[in-house]
J.: 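Input: one structure, supplied below.
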Number of protein chains: 2
Amino acid sequence: MNANAPTSRSAEIPLILAAIELFGRNGYAAVSTRALSERAGTNVSSIKYHFGGKKELYRAAIVYVTEQVKPRIEFAMAALTQARSLAGDDPALQARLIKQLIDNLLKFFLGSEDIPHFMPLVMREFLIPGPYFETFYEALPRRLHELFCELVAMVEGSDPQDETTILRAHALMGQIMIFHVARPVLFARMNWDSYTPERIDNITHQVQQLVLSALQLTDPDVESS
Amino acid sequence: MNANAPTSRSAEIPLILAAIELFGRNGYAAVSTRALSERAGTNVSSIKYHFGGKKELYRAAIVYVTEQVKPRIEFAMAALTQARSLAGDDPALQARLIKQLIDNLLKFFLGSEDIPHFMPLVMREFLIPGPYFETFYEALPRRLHELFCELVAMVEGSDPQDETTILRAHALMGQIMIFHVARPVLFARMNWDSYTPERIDNITHQVQQLVLSALQLTDPDVESS
DNA sequence: TTTATTCAATCATACGTTTGATTTATATAA
DNA sequence: TTATATAAATCAAACGTATGATTGAATAAA
């Protein structure tokens with residue numbers, strides 16, 4: 001029983017990776033089974049054999065991405081829960097927690113990560129829900145959203161379930177998300193064609209300052225003028 | 001010479017409206033010429049006759065939407081330019097200007113407007129640029145972006161062309177945009193299925209407070225506690 | 001052998017486009 | 001007004017192609 005024997009089920013992962021890439025770039029309808037199998041280096045019929053059809057391959061791609069990203073979110077949730085008990089009522093610690101989270105999220109959304117090509121697919125499902133939105137929503141955006149609500153509730157001393165808290169957290173998350181979502185617009189405006197590390201650093205700093213300011217926190221790492 | 005005679009060229013507008021609706025809802029590749037012509041109540045071949053093909057119909061839809069929305073943005077730009085000279089250094093007036101703009105934008109993005117169905121198409125082009133992104137970008141998002149940068153620059157006393165100003169304005173716009181863009185996520189989270197006027201009011205209020213706070217302005221319409 | 005996987009070839013269908021005839025509108029002249 | 005010529009617009013039908021799905025033989029592994 002060789003665990004990484006490439007013989008059996010060898011076409012499944014290549015097909016899923018091709019699906020993540022092509023569906024992410026062009027959308028479901030614009031990608032043909034032939035294009036998928038060609039990118040994966042397999043025969044067209046392996047899609048039916050391994051998954052049942054094009055739709056099921058799309059679903060498998062979403063499940064795959066979800067399972068890749070889930071542990072990170074779980075980890076962040078756990079870390080936050082732990083940090084929350086430490087941060088307590090200390091505004092400086094709260095501010096650092098928020099800065100850290102913004103930094104992580106922006107690197108996650110904008111940076112070239114180790115799992116390279118899955119973001120477009122995630123975003124597509126995020127923005128234009130497909131038939132498997134539920135599968136995806138429960139595992140990813142919901143957790144992320146709850147995470148952010150916990151933070152806002154902590155700072156403002158409110159209930160993380162409150163409508164107001166959720167709306168405010170949602171709005172603040174928009175400051176991060178828009179840099180991924182409206183990328184074409186920002187790039188056209190700035191004459192950019194990629195997010196370099198320096199640009200991400202600058203964006204991170206500006207967003208951190210805006211969010212801290214919005215939450216009436218002062219940055220503990222900058223002496224006030 | 002009856003100006004509104006429905007006889008000649010009567011299939012053009014219905015086809016464009018069908019294109020705005022269907023392309024907006026399902027994306028370019030997922031919509032067939034037959035579906036378009038059926039929705040418009042015309043024959044398939046009128047697409048070739050009036051526009052040249054499916055691609056050109058898509059372009060016509062973008063141009064149409066652009067021309068519908070452009071005057072509003074021009075008007076808002078003019079109003080802001082005028083208001084800016086009045087607001088000057090008065091933080092209270094600046095705050096009211098910002099509140100007003102946020103209110104307008106959220107109503108525009110979330111509310112059921114007079115031109116009812118074009119928002120999904122606009123957003124699609126916004127998020128996933130098609131071959132006619134340039135046409136669209138110059139007329140809409142660019143103006144909106146500049147508008148917001150002007151405002152931020154006014155409040156912070158900075159140059160509207162500065163990278164920092166643009167990034168901060170971009171981030172703040174995210175607080176508004178996300179309520180349109182991540183609509184499926186928010187709805188799933190809140191168990192909503194539409195933006196009612198009350199919900200839009202609440203969202204508007206929260207975003208206004210967050211943006212004012214981020215820009216270190218106090219709301220002139222609320223006495224501080 | 002039995003089972004799992006790949007492959008070239010084929011199926012019916014849906015696609016965007018095109019055709020050629022037909023209908024409708026407009027203009028001109030008696 | 002009516003008749004007629006020209007142009008504009010619509011239509012049913014068909015074109016060739018690409019699609020997702022499927023087949024059955026071939027290959028590999030247990």
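Sequence lines set the chain letters: A, B, ... in the order given, protein chains first and strands last, and positions in each chain run from 1. Worth knowing before you read on, the calculation uses all heavy atoms, side chains too, and leaves out hydrogens, waters and symmetry mates.
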J.: How many Å lie between CZ on R34(B) and P on dC15(D), as a whole number?
T.: 13 Å

J.: Calculate the interatomic distance between K54(A) atom NZ and dT22(D) atom P; express it in whole Å.
T.: 15 Å

J.: Distance check needed: dG16(C) C1' versus K48(B) NZ, whole Å only.
T.: 11 Å

J.: Calculate the interatomic distance between L15(A) atom CG and dG20(D) atom P; express it in whole Å.
T.: 13 Å

J.: Round to a whole Å and report the spacing from CD of E12(B) to P of dA8(D).
T.: 13 Å

J.: Taking N and O atoms by type only, does the side chain of S32(B) place a donor or acceptor under 3.5 Å from a partner on the base of dC15(C)?
T.: no

J.: Would you tell me if any nitrogen or oxygen in the side chain of S37(B) comes within less than 4.0 Å of OP1 or OP2 on dT10(D)?
T.: no

J.: Parallel under 30°, tilted from 30 to 60°, perpendicular over 60°: which one fits the rings of Y137(A) and F133(A)?
T.: parallel

J.: Output the single nucleotide from dA8(D), dG20(D), dG16(C) whose closest atom is nearest the side chain of T33(A).
T.: dG20(D)

J.: Angle class for the F187(B)/Y195(B) ring planes (parallel below 30°, perpendicular above 60°, tilted otherwise)?
T.: perpendicular

J.: Within the 4.5 Å heavy-atom criterion, are F136(A) and V122(A) side-chain neighbours or not?
T.: yes

J.: Rounded to the nearest Å, what distance is computed from the CG atom of residue L36(A) to the P atom of nucleotide dG20(D)?
T.: 8 Å

J.: Mind checking if V44(B) touches a base, just sugar-phosphate, or nothing, with heavy atoms under 4.0 Å?
T.: base

J.: Tell me whether the OP1 or OP2 atom of dA4(C) has a side-chain N or O from H50(A) closer than 4.0 Å.
T.: no

J.: What is the distance, to the nearest angstrom, from the CD atom on E56(A) to the C1' atom on dT22(D)?
T.: 14 Å

J.: Which sits closer to the 5' end of DNA chain D, A29(A) or S45(A), going by the nucleotide each is nearest to?
T.: A29(A)

J.: May I ask you to evaluate whether S10(A) reaches the phosphate of dT6(C), defined as a side-chain N or O under 4.0 Å from OP1 or OP2?
T.: yes

J.: Any N or O donor-acceptor pair linking the side chain of N43(B) to the base of dA9(D) at under 3.5 Å?
T.: no

J.: Report the distance from atom CG of N26(A) to atom P of dT19(D), rounded to the nearest whole Å.
T.: 12 Å

J.: Classify the ring geometry between Y28(B) and Y58(B) as parallel (under 30°), tilted (30 to 60°) or perpendicular (over 60°).
T.: perpendicular

J.: Between S46(B) and L15(B), is any pair of side-chain heavy atoms under 4.5 Å apart?
T.: yes

